[in-house]
Amino acid sequence: MTRQYIPFPRSEGLSSRQAHADLPDGTFERELGKEGFFGPATHMHHRHPPTGWTSWDGPLRPRAFDLAKINAEHASPWDAAEILFNAHVRLRLWRAPARMDHLARNGDGDELLFIHQGAGDIFCDYGRLAFRAGDYVVLPRSTMWRMECSAPVVALLIEATGSTFQLPDRGMVGKHAVFDPAVLETPKLDEAFRAQADESEWAVRIKRRNAISTVNYPFNPLDAVGWHGDLSPVRLNVEDIRPLMSHRYHLPPSAHTTFVANRFVICTFCPRPFETDPGALKVPFFHNNDDYDEVLFYHAGDFFSRDNIHAGMMTLHPCGFTHGPHPKALGNAFTPKKPATDEYAVMLDTRDALEIGAAASAVEWGDYAQSWRVKPA
């Protein structure tokens, strides 16, 4: 038997005709949605902010971690600080050495590096790829690579365990929307790459089933003289992302999807003008994301929807509870004090519940769940 959702919206009581716009006076909108903003949804209208709780107890509480406090340098990406993980994704924070003395190879899935700080070069099977802060670097599964830093590097490592990073379907806006695939850069077999292919002994540390094996060579195995095909590392900088916008409607986070993998997505929030329609909501709307855990890493800028957040922090909103802007941001819901946002952030949405690693627990902001409380005047 084929099942389907109720095929048309119903309305009851006092409500708006359009989601996220022209709310009834004195009400607060809350979206109950399925499939991470892609599925059916209902918009409730409440007399009080849906995040107006007085206390929290239990594992579903919102969490925040100050990853900027993780200061240890790790010689290998496989020694990096474990932050969040489940069966389909693994997220680590890595303070890289100035120069890796071995090669790394991930046999568990594609690796996505987000460069939070620093600059340098990645040498891999395919050649040399320069990088800088704000870069995403996708390394296909089993790529051999190492890093040399020209400035101290802090990076997020996001593993698509057992799957592949792909670009989302842009639908009716076309494949050149958000970013043109032509801006993706691939490694070069240049003079710097040829110069590093020496005859000294090199070790390759291979991760498979989250265990490490080591293979030693009497030469540098990064010695390719050519390649052709449609499988390669790629680099994308957040400054090359041109976000979708609507001046009359606040677009959901799914509009900012950058990469997709099995049972999770990566989104990027970049500076953009605020909506100009006077009735349109200008801040993220209150919502229940009842199918996905939501993770946000704050990279740079002024994070207008959250109080007491700085670059290098990460928040985790487990699926199944209502969340949205902090009270100060809510005061600017329809009348922002500036014409545009000024922030860069990376979002990870996972279909399966995330476990919290020991490194994240050690730098947790324990009172984050109370940060929505309105302080007495």
Side-chain angles (χ1 to χ4, degrees), residues 5 9 18-21 29-44 62 84 86 88-89 91 112 114 136 138 158 160 163-181 236 238 240-275 280-299 303-306 314-325 341 343-354:
Y5 294 104
Q18 166 67 51
H20 319 320
E29 180 194 64
R30 175 172 64 108
E31 178 173 300
L32 289 76
K34 300 289 290 180
E35 302 298 331
F37 308 102
F38 284 101
T42 286
H43 297 87
M44 299 284 181
L84 300 167
N86 62 29
H88 303 283
V89 64
L91 188 152
L112 175 66
F114 178 74
Y136 287 107
V138 179
I158 306 174
S163 70
T164 300
F165 283 107
Q166 299 176 302
L167 300 182
D169 180 2
R170 299 296 183 199
M172 63 183 177
V173 299
K175 66 180 182 179
H176 302 107
V178 184
F179 63 86
D180 190 324
L236 170 70
V238 293
D240 288 324
I241 295 175
R242 301 170 186 267
L244 292 178
M245 296 176 290
S246 169
H247 75 286
R248 301 198 65 202
Y249 172 75
H250 187 88
L251 296 175
S254 52
H256 305 290
T257 302
T258 311
F259 301 103
V260 298
N262 183 34
R263 300 186 73 80
F264 73 91
V265 301
I266 303 291
C267 303
T268 311
F269 299 118
C270 300
R272 60 169 183 82
F274 281 113
E275 297 76 8
L281 195 65
K282 277 75 173 178
V283 299
F285 43 86
F286 292 111
H287 63 282
N288 292 35
N289 191 344
D290 290 327
D291 288 320
Y292 286 77
D293 278 9
E294 296 181 2
V295 176
L296 203 60
F297 177 74
Y298 299 89
H299 170 54
F303 308 109
F304 74 100
S305 67
R306 290 283 175 271
M314 176 176 285
T315 57
L316 165 63
H317 297 163
C319 80
F321 84 97
T322 300
H323 53 281
T341 68
E343 65 177 6
Y344 288 98
V346 175
M347 188 172 82
L348 165 69
D349 270 17
T350 69
R351 189 64 183 258
D352 304 285
L354 288 161

Residue pair [X] / [Y]: nearest heavy atoms and the distance that separates them:
| X | Y | value |
| --- | --- | --- |
| A353 | N86 | O-CB, 3.3 Å |
| V238 | C270 | O-SG, 3.8 Å |
| H250 | L281 | CB-O, 3.3 Å |
| A261 | S163 | CB-OG, 3.7 Å |
| R351 | Y292 | N-CD2, 3.5 Å |

Measuring from atom [atom1] of [X] to atom [atom2] of [Y], what distance do you get when rounded to the nearest 0.5 angstrom?
| X | Y | atom1 | atom2 | value |
| --- | --- | --- | --- | --- |
| N262 | H88 | CG | NE2 | 6.0 Å |
| L354 | E294 | CG | CD | 11.0 Å |
| D349 | L296 | CG | CG | 9.0 Å |
| T258 | M347 | OG1 | CE | 9.0 Å |
| K34 | N288 | NZ | CG | 11.0 Å |
| D293 | L84 | CG | CG | 9.0 Å |

Assess the residue pair L91 and F297 against the criterion (side-chain contact (heavy atoms from CB on, under 4.5 Å)); give the C-alpha distance rounded to whole Å, side-chain angles, the decisive distance to 0.1 Å, and a yes or no. CA-CA 11 Å; L91 188 152; F297 177 74; over 6 Å; no

Are F259 and F264 close enough that their ring centers fall under 6.0 Å?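 Aromatic pair excluded; centres sit 6.0 Å or further apart.
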
Hydrogens and angles aside, do H20 and E275 bring a side-chain donor and acceptor to less than 3.5 Å of each other?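 Their side chains do not contain a donor-acceptor pair, so the 3.5 Å distance test is not met.
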
Any side-chain heavy atom of [X] within less than 4.5 Å of one from [Y]?
| X | Y | answer |
| --- | --- | --- |
| E29 | M44 | no |
| F165 | I158 | yes |
| R170 | V178 | yes |
| T257 | C267 | yes |

Over 60° means perpendicular and under 30° means parallel, so classify the ring planes of Y344 and H299, tilted if in between.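 Judged by the thresholds at 30° and 60°, the geometry between H299 and Y344 is perpendicular.
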
Can you tell me how the ring of H287 sits relative to the ring of F285, calling it parallel under 30°, perpendicular over 60° and tilted otherwise?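 If you compare the ring of H287 with that of F285, the planes turn out perpendicular.
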
Which of these passes ring pair (Phe, Tyr, Trp, His ring centres under 6.0 Å) with H256: F269, F179, F37?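 Testing H256 for a ring pair (Phe, Tyr, Trp, His ring centres under 6.0 Å) against F269, F179, F37 leaves exactly one candidate, F269.
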
Steps toward side-chain contact (heavy atoms from CB on, under 4.5 Å) verdict (L236, I241): CA-CA 8 Å; L236 170 70; I241 295 175; 4.2 Å; yes

Carboxylate-amine/guanidinium proximity below 4.0 Å for R272 and E343: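 Salt bridge absent between R272 and E343.
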
For F321, does its backbone N or O pair with a side-chain atom of H323 as donor and acceptor, under 3.5 Å?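 Yes: the side chain of H323 pairs with the backbone of F321.
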
Checking side-chain contact (heavy atoms from CB on, under 4.5 Å) for the pair E31/H43: CA distance, chi angles, key distance, verdict? CA-CA 5 Å; E31 178 173 300; H43 297 87; 2.7 Å; yes

Report the C-alpha distance between R30 and T322 in whole Å, list the side-chain angles of each, state the deciding distance to 0.1 Å, and finish with yes or no for side-chain contact (heavy atoms from CB on, under 4.5 Å). CA-CA 8 Å; R30 175 172 64 108; T322 300; 3.4 Å; yes

